[in-house]
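Working notes for the structure below.
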Amino acid sequence: MPHDAAVIIVGAGPAGLMLANEFGRRGIAALVFCDRPSTSPYPQANATQARTMELYRRLGFADRLRARGLPPDYPTDVAYFTRATRHEIARFELPAARDARSLVKTLSGSWSAAELPHRCSQLYIEQVLHDEARRHRSVTLEFGWRVTGFVEEEGGVAVDAERVADGAKRRAHAQFLIGCDGPRSTVRKQLDIHYDGEADADRPFMRGRQLTTYLRAPAVYDLVPFKRAWQYWSMNHAQRGTMVTIDGKGEFTFGMQLPPGKEESDYSYADSASLFQTMLGANCPVEIINRSPWHAGYSLVAQSYQRGRVFMAGDAVHLFTPTGGLGYNTAIEDVVNLAWKLAAMVGGWGGPRLLATYETERRQVARRNTGFARYFADSIGKFVAPKEIEDETPEGEAARERAGAYLNRHVREEFDIPGITFGARYDGSPIIMGEDRAPPPDRMNDYLPTALPGGRAPHAWLGDGRSLYDVLGFEFSLLRLGPRPPDAAPLIAAAAARGMPLSLVDLPQEELRDLYEADLALIRPDQIVAWRGNAVPQDVDRLLAAVTGA
Ligand SMILES: Cc1cc2nc3c(=O)[nH]c(=O)nc-3n(C[C@H](O)[C@H](O)[C@H](O)COP(=O)(O)OP(=O)(O)OC[C@H]3O[C@@H](n4cnc5c(N)ncnc54)[C@H](O)[C@@H]3O)c2cc1C
């Protein structure tokens with residue numbers, strides 16, 4: 001059967017759209033079906049982690065994303081109040097988008113990075129990912145089409161889709177199918193693959209049904225007497241909730257936990273407006289844009305990420321409680337990992353063991369990251385504000401001080417996470433040439449750059465102001481480090497013979513050789529160190545066979 005595309009992607013959320021960009025950048029034909037009429041109208045994620053920004057930079061649109069969301073000078077502080085108009089009790093000051101680019105060039109150690117995090121609603125993220133995907137001629141985006149099922153066939157997959165508007169049906173064929181179709185994944189259900197892990201959590205807050213209301217209330221800025229923040233948390237005895245700034249001009253999300261047994265339908269828009277005002281501690285005009293219910297307390301990872309020619313990524317294979325802001329970010333790293341492996345198969349240079357490493361590598365990271373998110377959810381969800389916290393009495397003041405001490409510690413743990421974002425590793429993967437050395441400890445708030453194969457290639461700013469990542473090739477790169485690097489010709493010749501795309505990058509700076517503790521380093525397309533050494537090995541073809549899963 002002739003193929004309509006090399007790959008079919010189900011879903012145009014962050015995972016599906018990023019995957020489309022990865023294929024589009026390589027000129028590989030990708031057909032995307034999405035049952036929505038366009039990108040999501042719900043704000044959802046607000047935290048793009050630094051590693052995700054680095055991956056956007058690799059595709060050339062990090063700056064375009066950083067220009068979206070809050071105004072460039074809007075602080076991205078996270079602040080805690082009894083109610084946002086009453087008492088401020090804790091705050092973590094974070095830079096505005098305008099300052100992120102220059103600030104990152106001054107940082108080292110844990111924050112040795114090409115990009116800092118960006119605070120921007122998923123509304124805008126999806127729009128950027130969509131616009132970028134559309135620029136690629138090899139990408140076809142079919143909105144308004146729901147995938148209903150698929151069958152594996154000789155050399156590919158046949159996918160059935162139905163037009164949402166009129167029920168028209170079509171069948172499309174491709175070499176591979178990737179389900180990026182979110183928590184209720186049709187692809188996962190057809191494969192009869194289930195999530196493992198925790199579906200509920202024992203904590204008073206950040207568990208069970210939640211309702212996020214997207215609203216417009218510009219008067220908030222006249223009413224809140226404190227410095228502007230990106231996230232406002234109300235922590236009083238009666239009601240806890242969040243207010244997250246969407247555009248810095250008056251649009252917010254208001255997040256609240258529904259009492260047990262209650263559903264979205266039990267609340268009118270007027271109820272939501274009134275609860276928002278209660279959380280704020282002041283009356284103000286509120287215009288509701290939309291609402292979306294969701295569930296907190298999940299730490300779930302699918303039992304499997306692949307069956308045959310069918311793969312899954314993003315929420316289809318892992319569900320987080322959004323504390324730490326890790327769900328969509330983990331999804332982006334999933335698809336960057338998967339894309340180069342599928343591209344290698346389509347291009348004919350990937351070996352038969354390569355595709356299985358997607359699950360090996362990404363499933364362990366999903367378990368790690370859902371664990372960190374659960375820790376943060378416990379840390380904030382088990383905090384209960386005492387009754388007197390709102391009182392204008394010495395007892396009230398003491399309660400606010402105690403709460404402030406706790407929350408100031410918590411917020412620095414949850415919102416300063418270079419260890420989580422840069423420290424994920426693929427030790428034990430068969431395509432990583434591990435060494436007889438332990439990796440640095442996996443800590444949330446500290447990241448120790450290391451070129452030990454299996455982790456993110458250590459970052460550095462080059463003398464000319466470029467990031468080391470800016471000089472890497474889009475596929476594999478061989479770094480020749482230091483002033484006297486060995487001859488790399490045999491490795492380059494062996495890669496060419498295999499059809500394996502490889503860029504040679506000379507970095508003569510002694511300090512980069514010291515950073516990588518080797519004269520040569522082989523970096524994968526997803527910027528993970530695959531191998532390092534001081535000379536091209538005798539059996540260089542064996543090395544390349546191993547890193548490409550042959
Ligand atoms: C309130 C809230 C706050 C959050 N905050 C953060 C945060 O700060 N940071 C973070 O990293 N994560 C956060 N998340 C999580 C984040 O929103 C999700 O992890 C992310 O949306 C997952 O992306 P995805 O592409 O895998 O799935 P989705 O975004 O769910 O996209 C799936 C797409 O597939 C489509 N689809 C489904 N079935 C079919 C079908 N059969 N045929 C065709 N199309 C189909 C859907 O319409 C949708 O477009 C938050 C979530 C919530 C609810």
Side-chain angles (χ1 to χ4, degrees), residues 12-18 21 38-79 92-104 113-133 212-216 218 220-221 228-233 242-255 289-290 292 294 314-315 320 322-333 335-336 414-418 420-421:
L17 289 170
M18 182 66 171
N21 274 288
S38 63
T39 54
S40 174
Y42 303 108
Q44 287 190 221
N46 280 286
T48 297
Q49 303 299 352
R51 182 66 192 135
T52 304
M53 288 301 288
E54 289 182 342
L55 296 171
Y56 292 161
R57 182 186 181 103
R58 175 175 160 272
L59 285 164
F61 55 78
D63 285 346
R64 284 195 281 283
L65 188 83
R66 207 178 281 284
R68 300 296 304 273
L70 302 177
D73 59 347
Y74 196 102
T76 58
D77 298 8
V78 183
F92 186 29
E93 294 196 340
L94 289 160
R98 180 189 58 188
D99 305 322
R101 258 196 110 178
S102 48
L103 181 62
V104 72
E115 296 284 342
L116 289 181
H118 181 51
R119 311 300 180 191
C120 166
S121 165
Q122 191 167 329
L123 279 176
Y124 307 125
I125 295 164
E126 290 193 16
Q127 285 166 11
V128 171
L129 290 173
H130 169 264
D131 292 350
E132 294 297 324
T212 295
T213 305
Y214 177 26
L215 52 83
R216 204 167 282 124
V220 162
Y221 291 118
R228 288 182 176 205
W230 155 63
Q231 268 196 21
Y232 300 77
W233 289 75
T242 55
M243 179 170 83
V244 180
T245 315
I246 299 298
D247 65 351
K249 296 175 192 147
E251 289 186 6
F252 298 92
T253 58
F254 158 46
I289 302 169
N290 64 37
S292 53
W294 54 281
D315 276 15
F320 287 69
T323 35
L326 298 173
Y328 125 73
N329 289 281
T330 305
I332 296 296
E333 282 187 52
V335 297
V336 174
E414 186 184 339
F415 290 91
D416 182 18
I417 50 171
I420 296 180
T421 190

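- With values rounded to the nearest 0.5 angstrom, K249 atom NZ is found 10.0 Å from Y221 atom OH.
- Inspection of the Y214 and E251 side chains reveals an N or O donor paired with an N or O acceptor under 3.5 Å.
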Begin with the C-alpha distance, continue with both residues' side-chain angles, and end with the deciding distance and a verdict on side chain to side chain contact (heavy atoms under 4.5 Å, CB included) for R119 and N46.
-> CA-CA 6 Å; R119 311 300 180 191; N46 280 286; 5.9 Å; no
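- For the pair D247 (side chain) and L70 (backbone), a donor-acceptor distance under 3.5 Å is absent.
- S40 and E126 get closest at one heavy-atom pair: N-OE1, 2.9 Å.
- A salt bridge links R101 to D63: one of the charged nitrogens lies within less than 4.0 Å of a carboxylate oxygen.
- Here F415 and F92 keep their ring centres 6.0 angstrom or further from each other.
- Between R68 and V128, the closest heavy-atom pair is CG-CG2, 3.7 Å.
- Shortest non-hydrogen contact noted between G324 and E414 is N-OE2, 2.8 Å.
- One finds no salt bridge joining E115 and R51 here, because no Lys/Arg side-chain nitrogen approaches an Asp/Glu carboxylate oxygen to under 4.0 Å.
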Apply the test side chain to side chain contact (heavy atoms under 4.5 Å, CB included) to residues Y42 and T212: give CA-CA distance (whole Å), side-chain angles for both, the deciding distance (0.1 Å), then the verdict.
-> CA-CA 9 Å; Y42 303 108; T212 295; over 6 Å; no
Taking it one step at a time, do L116 and M53 satisfy side chain to side chain contact (heavy atoms under 4.5 Å, CB included)?
-> CA-CA 7 Å; L116 289 181; M53 288 301 288; over 6 Å; no
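- Using a 30° and 60° split on the angle between ring planes, F252 and Y232 fall in the perpendicular class, above 60°.
- Interatomic distance, OG1 of T421 versus CD of Q49, reported as 5.0 Å (0.5 Å rounding).
- The minimum heavy-atom distance between R216 and P218, with the atom names listed, is C-CD, 3.8 Å.
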